[in-house]
Amino acid sequence: MAVKYQIPRGTFDILPEESYQWQYITNVFREIAREFSYKEIVTPIFEKKELFERSVGNSSDIVQKEMYEFKDKKGREFALRPEGTAPVVRSFVENNLGMGGGNTKLFYLGPMFRYDRPQKGRFRQFYQYGVENIGSDDPYIDAEVIAMGYTFLEKLGLSNFELEINSIGCANCTENYDKILVKYFTPFMQELCSDCQDRINKKPKRLLDCKVPECRKIAQNAPSMLDYLDEECKEHFLEVQRNLKIMSIPFKINPKIVRGLDYYNKTAFEFVDKNLGAQDTLIGGGRYNELIGQFGGKDVPGIGYAGGFERLMLSMETEKVTFGEKQVPDIYLVTLGEKVKDVAGKLLLDLRIAGVSAEFDPEKNSIKSQMKAADKLQVRFALILGDDEFAQNKIILKDMKSGEQELIGLEKIVESLKKTCEK
RNA sequence: GUGGGUGUAGUUCAACGGUAGAGCACCGGAUUGUGGUUCCGGGCGUUGUGGGUUCAAAUCCCAUCAUCCACCCCA
């Protein structure tokens with residue numbers, strides 16, 4: 001009995017007719033990474049579960065309910081990575097990547113996993129690109145990292161996005177600010193949603209970006225974090241803004257940005273596309289100056305961001321941006337008669353070795369069906385080899401667009417096509 | 001985890017409880033060595049799956065799975 005299998009919930013296949021779009025986006029990202037001089041790092045798709053509990057935070061939704069967890073045969077607890085920063089920092093510390101001093105600039109690409117209810121722009125296995133710049137707390141670096149994200153979106157042809165930045169201060173500021181928030185929200189306790197009532201003593205900052213209308217109204221007049229930054233953080237944030245202005249990168253200050261992952265401090269930012277629906281964050285990132293030390297590394301600061309490919313594609317679709325070109329063979333070989341079919345194999349191989357992408361279908365016999373196939377594949381040229389041509393040691397090269405065709409010596413055809421098909 | 005919508009041919013969608021259809025795509029043909037346009041021909045698909053109601057179910061009911069949108073969360 002044949003059983004029909006279905007793809008797991010919240011996942012998707014990237015099908016042959018659309019894979020070129022993914023290639024295009026990753027190529028653009030790699031190119032930007034090269035320009036900003038980031039090097040690729042590839043880490044495993046799973047890590048010790050504890051790695052994420054300690055970094056992303058035990059109280060975060062990601063750890064509490066969204067991790068794909070499993071035990072291996074010896075009972076060790078692992079999790080499919082829900083995000084990229086923790087594994088990269090783990091590798092950074094483990095391999096002493098900071099040894100040379102200065103900044104370590106890393107980028108990564110790959111699938112992440114979160115057990116969430118699927119929705120527009122949200123999947124259980126999704127693909128992220130991200131960067132980490134480890135080793136400097138200089139506000140210029142913050143601006144440069146942000147600039148890289150900005151440049152990437154621009155290079156893809158997007159323009160409907162906005163950059164929002166905020167500073168969530170350091171441990172020192174937070175301690176002070178949390179008290180102030182608790183003091184502000186406590187009188188409204190009865191009017192807050194149950195989540196917020198729960199959060200108020202754990203993470204008061206989260207009340208700021210609650211989406212329940214009642215809470216929103218109350219949060220509207222809450223004291224802003226920005227007014228309670230200590231001198232150092234305040235100065236840092238101002239410098240980030242100054243650097244962004246120097247680079248002519250437009251931004252908006254949004255004091256409501258609170259990163260949901262525990263390791264963030266100081267600069268937090270998001271690139272948002274308002275046309276996308278509920279899941280509108282294209283890129284999210286921020287600074288994490290304490291994380292590396294926590295992982296037992298030298299106590300160095302870091303900053304990074306990550307974005308999801310799926311949302312980029314949604315955004316690109318709504319903005320009707322073209323991405324990449326369909327993969328199409330250069331030539332289609334048409335043969336007529338059994339004798340010449342024997343020549344086809346060698347000719348095709350020679351073409352392919354020369355870098356010419358060539359297609360041929362040994363099961364099609366009539367010239368008509370072969371021409372149709374060539375047309376459907378949208379090839380640039382058809383090569384037609386029949387007994388007549390073969391007898392003269394020649395072959396017909398037909399330009400499919402213009403319809404013009406010429407007779408060329410069989411021994412010259414590979415060299416000639418190699419030249420015209422070169423990019 | 002919660003709420004609502006949807007599930008029929010490869011695809012997009014039709015079909016008052018009474019024989020399941022169309023566009024696009026696809027395949028073949030229109031004098032045997034030239035594609036795109038046009039014309040002609042080609043569809044018995046477990047109506048997501050499993051139950052139930054009924055003389056009769058794609059249609060009504062229940063369950064289940066999947067999907068979409070929103071909450072939540074975030075990329």
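Below, read A as the first sequence line, B as the second, and so on, with proteins coming before strands; counting in each chain starts at 1. Keep in mind that what you see is a predicted model, and the values were worked out from it rather than measured.
Base engagement by A:E389 is indicated by at least one non-hydrogen atom pair under 4.0 Å involving a base atom. Using a 4.0 Å heavy-atom cutoff across all strands shown, A:I396 reaches at least one base atom of the nucleic acid. Residue contacts for A:G337: at a heavy-atom cut-off of 4.0 Å it reaches no nucleic acid atom on any strand shown. Residue contacts for A:E83: at a heavy-atom cut-off of 4.0 Å it reaches no nucleic acid atom on any strand shown. Base contact: A:F123 has a heavy atom under 4.0 Å from a base atom. Within 4.0 Å of A:M112, counting heavy atoms only, lies no atom of the nucleic acid at all. Counting any heavy atom pair closer than 4.0 Å across all strands shown, A:A374 reaches no nucleic acid atom. Contact annotation for A:G121: base contact, defined as any heavy-atom pair under 4.0 Å involving a base atom. Across all strands, A:K376 comes closer than 4.0 Å only to sugar-phosphate atoms, never to a base (heavy-atom distances). Contacts of A:L282 with the nucleic acid, taken as non-hydrogen atoms under 4.0 Å apart, involve only primed sugar atoms and P, OP1 or OP2.
For A:F295 and A:F92, the gap between ring centers reaches or exceeds 6.0 Å.
Salt-bridge annotation for A:E415 and A:K412: absent, with no side-chain N of the basic residue lying under 4.0 Å from a carboxylate O of the acidic one. In summary, A:K256 and A:E164 do not engage in a salt bridge, as defined by a charged side-chain N under 4.0 Å from a carboxylate O. Checked for salt-bridge contact, A:R287 and A:D142 meet the test: a charged N lies under 4.0 Å from a carboxylate O.
B:C39 is paired with B:G29 under the criterion used here, namely a Watson-Crick or G-U wobble arrangement in which both key atom distances are under 3.5 Å. Nucleotide B:U67 forms a pair with B:G5, judged by Watson-Crick or G-U wobble geometry with both contacts under 3.5 Å. Applying the Watson-Crick and G-U wobble criteria (two distances, each under 3.5 Å), B:G21 pairs with B:C13. Under the Watson-Crick or G-U wobble criterion, with both distances below 3.5 Å, B:C73 is left unpaired in every strand shown.
To the nearest whole angstrom, the two P atoms, one in B:U47 and one in B:U59, are 10 Å apart. B:U6 sits 25 Å from B:G43 when the C1' atoms are compared, rounded to a whole Å. Atom name C1', nucleotides B:C72 and B:C16: the rounded distance is 42 Å, in whole Å. Spacing of C1' atoms, B:C40 relative to B:A58, comes out at 32 Å, to the nearest Å. The C1' atoms of B:A56 and B:G17 are separated by 8 Å, rounded to the nearest whole Å. Comparing B:A22 with B:U31, their P atoms are spaced 28 Å from each other, to the whole Å. Nucleotides B:C24 and B:U19, compared at atom C1', are 27 Å apart to the nearest Å. With both ends at atom P, the span from B:G3 to B:A63 equals 12 Å, rounded to whole Å.
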Next item on the list: Start with the C-alpha gap between A:S159 and A:E319, add the side-chain angles, then the distance that decides, and say whether side-chain hydrogen bond (donor to acceptor under 3.5 Å, both in side chains) holds.
Entry: CA-CA 8 Å; A:S159 54; A:E319 289 203 46; 3.1 Å; yes
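Taking atom CD of residue A:Q125 and atom C1' of nucleotide B:A75, one finds them 14 Å apart after rounding to whole Å. Separating the NZ atom of A:K120 from the P atom of B:U67 is a distance of 17 Å, rounded to the nearest angstrom. Taking atom CE of residue A:M371 and atom C1' of nucleotide B:U34, one finds them 5 Å apart after rounding to whole Å. Regarding A:D262, its CG atom lies at a distance of 14 Å from the C1' atom of B:C74, rounded to whole Å. In this entry the distance linking CD1 of A:I367 with P of B:U31 reads 15 Å, nearest Å. The distance between atom CG of A:L312 and atom P of B:C74, rounded to the nearest whole Å, is 19 Å. Rounded to an integer number of Å, the gap from A:E164 CD to B:A75 C1' is 15 Å. One interatomic measurement links the two molecules: CG of A:D388 to P of B:G33, which rounds to 10 Å at whole-angstrom precision.
None of A:L244, A:N243, A:I303 except one satisfies the side chain to side chain contact (heavy atoms under 4.5 Å, CB included) rule with A:I146; the exception is A:L244. Partner of A:Y38 under the side chain to side chain donor-acceptor pair (under 3.5 Å) criterion, chosen from A:N103, A:N133, A:T104: A:N133. With respect to A:Y127, the ring pair (Phe, Tyr, Trp, His ring centres under 6.0 Å) criterion is satisfied by exactly one of A:F113, A:F309, A:F29, A:W22: A:W22. Of the candidates A:F123, A:F70, A:Y68, A:Y115 forms a ring pair (Phe, Tyr, Trp, His ring centres under 6.0 Å) with just one, namely A:Y68.
Ring-base stacking between A:F126 and B:A75 is satisfied, the centre separation being under 5.5 Å and the plane angle under 30°.
Proximity of residues 10-28 of chain A to RNA chain B (heavy atom under 4.0 angstrom from any strand atom) is restricted to A:G10.
Within 3.5 Å, a donor on the side chain of A:R122 pairs with an acceptor on the base of B:C73, or the reverse. With hydrogens and angles ignored, a donor-acceptor pair under 3.5 angstrom links the side chain of A:Q119 to the base of B:C72. If you check distances only, the side chain of A:Q370 never reaches the base of B:U34 with a donor-acceptor pair under 3.5 Å.
Residue order along RNA chain B, read from the 5' end via each residue's closest nucleotide, puts A:K398 first among A:Y127 and A:K398. The 5' end of RNA chain B is approached more closely, in terms of each residue's nearest nucleotide, by A:R117 than by the other of A:L276 and A:R117.
Of all non-hydrogen atoms in A:V340 and A:G386, the two that sit nearest each other are CG1-O, 3.8 Å.
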